[in-house]
There are 2 protein chains.
Amino acid sequence: MSDEPTITTIARRAGVSIASVSRVLNGLPTRAETERRVMSVARELGYVPNSAARSLKSRRSNQIGFAMADIGNPVYLAMVREIQPMLKAAGYRLVLHSTNADAADEIDVLRGLGERYIDGLIMIPLRVTDGHLEMFAAARAPIVVIGSVPEGTPVDNVRVDSRAGVRLVVQHLHGLGRRRIGFVNGPLDTVPGAARSAAYAEALETLGLPYDRNLVEVGDFYRADGARAAARLLERVPDLDALLCANDLIALGALDVLRRAGRRVPEDVAVAGMDDTDLATIAWPPLTSVSLGSAERGRAAAELLLDRLDRDGRAPRTVTVEPRLVTRASTMGEETP
Amino acid sequence: MSDEPTITTIARRAGVSIASVSRVLNGLPTRAETERRVMSVARELGYVPNSAARSLKSRRSNQIGFAMADIGNPVYLAMVREIQPMLKAAGYRLVLHSTNADAADEIDVLRGLGERYIDGLIMIPLRVTDGHLEMFAAARAPIVVIGSVPEGTPVDNVRVDSRAGVRLVVQHLHGLGRRRIGFVNGPLDTVPGAARSAAYAEALETLGLPYDRNLVEVGDFYRADGARAAARLLERVPDLDALLCANDLIALGALDVLRRAGRRVPEDVAVAGMDDTDLATIAWPPLTSVSLGSAERGRAAAELLLDRLDRDGRAPRTVTVEPRLVTRASTMGEETP
DNA sequence: TTGTAAGCGTTATCAG
DNA sequence: CTGATAACGCTTACAA
């Protein structure tokens, strides 16, 4: 395992200066003979340019960060699947950060921007703290936030009208004749949790249904938490006829609980999730879910970031994605999705 | 947005040399007063060390690559979920590569090792070509391969005895009285496809069952392909009483097809998958599956790599993970998993 | 304890 | 067209 060849090695072996080597390697005009010699030595030695040296000189790392709570969540996964190939096509590598929704962790990532190991960052903060806002303001590289940020925050921003999304499902359930519509939400101090909570209340009001706090239960955004929360809800309100879940994972947990409790879905209880992840079509019965355009949001975020990396300077942009209701058997009683 | 502060900036502002700044920043012995001044300026300026410069000097990037076919596959996902926190704890960042199972792409990643933007690589090649082997041999940084490699390949290696895994399920199905055990495999020119194909034949033989090529169908490792392949198989062999699928995604496709065909699972056809991903417990009926220890393999790979980064030089190691049969309703006829 | 200076591997400028 | 040389930001002998 000989030492890594550098342009100096090549220069010596080819009998030219390192400047010439660099020129050849970068396709700058060079005498044919020189080029030939350099290329031949380079190939022979298996030369590969050192990225640290390049980055130091060029002030670009050709890496982009993606920070989200947990890659295991299918929503983020759907985003990564869009983002990664786009970045790759644009010549960037993807550095993945799972933050466990820990604000301190997220802020660490933001601080990391100063290290310049990434040229830009796509981030999905579950909660936006003052610490976040400070770092956004001081950031030394472009950031795209997926999720809502306060007006005036100097970052590009991709959001989804989850309010409209909640309204869509609630109307759907109401249209099916359901009147006791329970709601299993995620933590209220998270951005999506808070938004969905408000949207649920608003949607009920629009439909002239009373808001009954007994119908609302909060857990975390995972299947097991969803199951527990749904169980509590079911015990408290046995005559529930519909259940809206703040994401698909929660809905899966709810389905488990309902099945075990012997409730038929959708006959006894109609169940709907949010995010419309792949899991919705795997669940049984297939899960009605509001698509919040995860893939689309990922794509938009990557586009915004790549755009800004191309030429910076313009004002922050916001892209809003429209939610879309996808009805399946868990509310419709049809066998096939 | 002022220019990034460097140690030079700090040195000037603190009235000391860059060497002193560096020392303070690295916790080397320094006069208290100097330290105070430097730290105060550094904090005030929001100094963050430049990672490219550091890497160039230290010859370490503090990054590790993970290359797999498709992050959307729950098996790889399970691995990333183990690997990422371990690397993070050890001070490494994770660079993600999705290769679409394209050999050329994978080789590009291996070539990238020469750029030194990662200190090591965990890779799951779906096919191991001569190109791979060459690059393994020439690699300038440690590699851990998840999956089998030829004897003597100079990389650390984590494998699973998938042969034993297949045997476990086939025996299980046989023990349930099934005799017409179909097999939906992935592409035969992939490492897992080939291994599972051989193992299936072998398992039948061990049990004294005849190998009937009509009972075998090949598609890709995805749900839709699995569905198509299962449909072909079902049409050709209507009296099938069990179906082994080369992974859970294929099994999900098969479940769809069987349901649409009005076959009861497991009464008419018992279905089993492989990998025991999260999907197995989401599917309906819950899917019997052979765990190939994805999480465990991820963990082992990270351990091997971190170990070797600590001190290189020892001989390549191989860790083998034992498969484990997880029975659920898709073969057992129980309602609960 | 501190400063000077060399060097990590590139790119880019500026003379020849 | 080419070579010497100066950066890029940092760590680390070595000297003071």
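Just so you know, these numbers come straight off a predicted model, no measurement behind them. Every chain is numbered from 1 and lettered A, B, ... according to where its sequence line falls, protein lines coming before strand lines.
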Do [X] and [Y] touch side chain to side chain, with heavy atoms closer than 4.5 Å?
X        : Y        : result
B:Thr9   : B:Tyr47  : no
B:Arg314 : B:Asp307 : yes
B:Pro125 : B:Val145 : yes
B:Ser148 : B:Asn157 : no

Query raised in the report: For DNA chain D, which residues in residues 30-46 of chain A have a heavy atom at a distance below 4.0 Å?
Result: A:Thr30, A:Arg31, A:Thr34
**Report entry** Nucleic acid contacts - residues 111-120 of chain B versus DNA chain D, non-hydrogen atoms under 4.0 Å
**Finding:** none
Query - Gap between atom CD1 of B:Ile10 and atom CG of B:Leu45 - 0.5 Å precision - result: 6.5 Å
Could you list the donor-acceptor pairs under 3.5 angstrom formed by side chains in residues 11-19 of chain A, with sequence neighbours left out?
unit_1	atom_1	unit_2	atom_2	d
A:Ser17	OG	A:Ala19	N	3.4
A:Ser17	OG	A:Ser20	N	3.2

Donor-acceptor list for residues 62-79 of chain A side chains, cut-off 3.5 Å, not counting sequence neighbours:
unit_1	atom_1	unit_2	atom_2	d
A:Asn62	OD1	A:Arg60	NH2	2.8
A:Gln63	OE1	A:Arg93	NE	3.1
A:Gln63	OE1	A:Arg93	NH2	3.4
A:Gln63	OE1	B:Gln63	NE2	2.9
A:Gln63	NE2	A:Tyr117	O	2.8
A:Gln63	NE2	B:Gln63	OE1	2.9
A:Asp70	OD1	A:Gly72	N	2.7
A:Asp70	OD2	A:Tyr222	OH	3.2
A:Asp70	OD2	B:Arg81	NH2	3.3
A:Asn73	OD1	A:Val75	N	2.9

Query raised in the report: Would you call B:Asp105 and A:Lys88 a salt bridge, using N to O less than 4.0 angstrom?
Result: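 A salt bridge links B:Asp105 with A:Lys88.
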**Report entry** Side-chain ion pair, A:Glu33 and A:Arg37, N-O less than 4.0 Å
**Finding:** yes
Query raised in the report: Going 5' to 3' along nucleotides 6-16 of chain D, which nucleotides have protein heavy atoms under 4.0 Å from the base (write B), which only from the sugar-phosphate (write S), and which from neither (write -)?
Result: -BBBBBBB---
Query raised in the report: Who are the side chain to side chain donor-acceptor pair (under 3.5 Å) partners of A:Arg308, not counting sequence neighbours?
Result: A:Asp156, A:Asp312
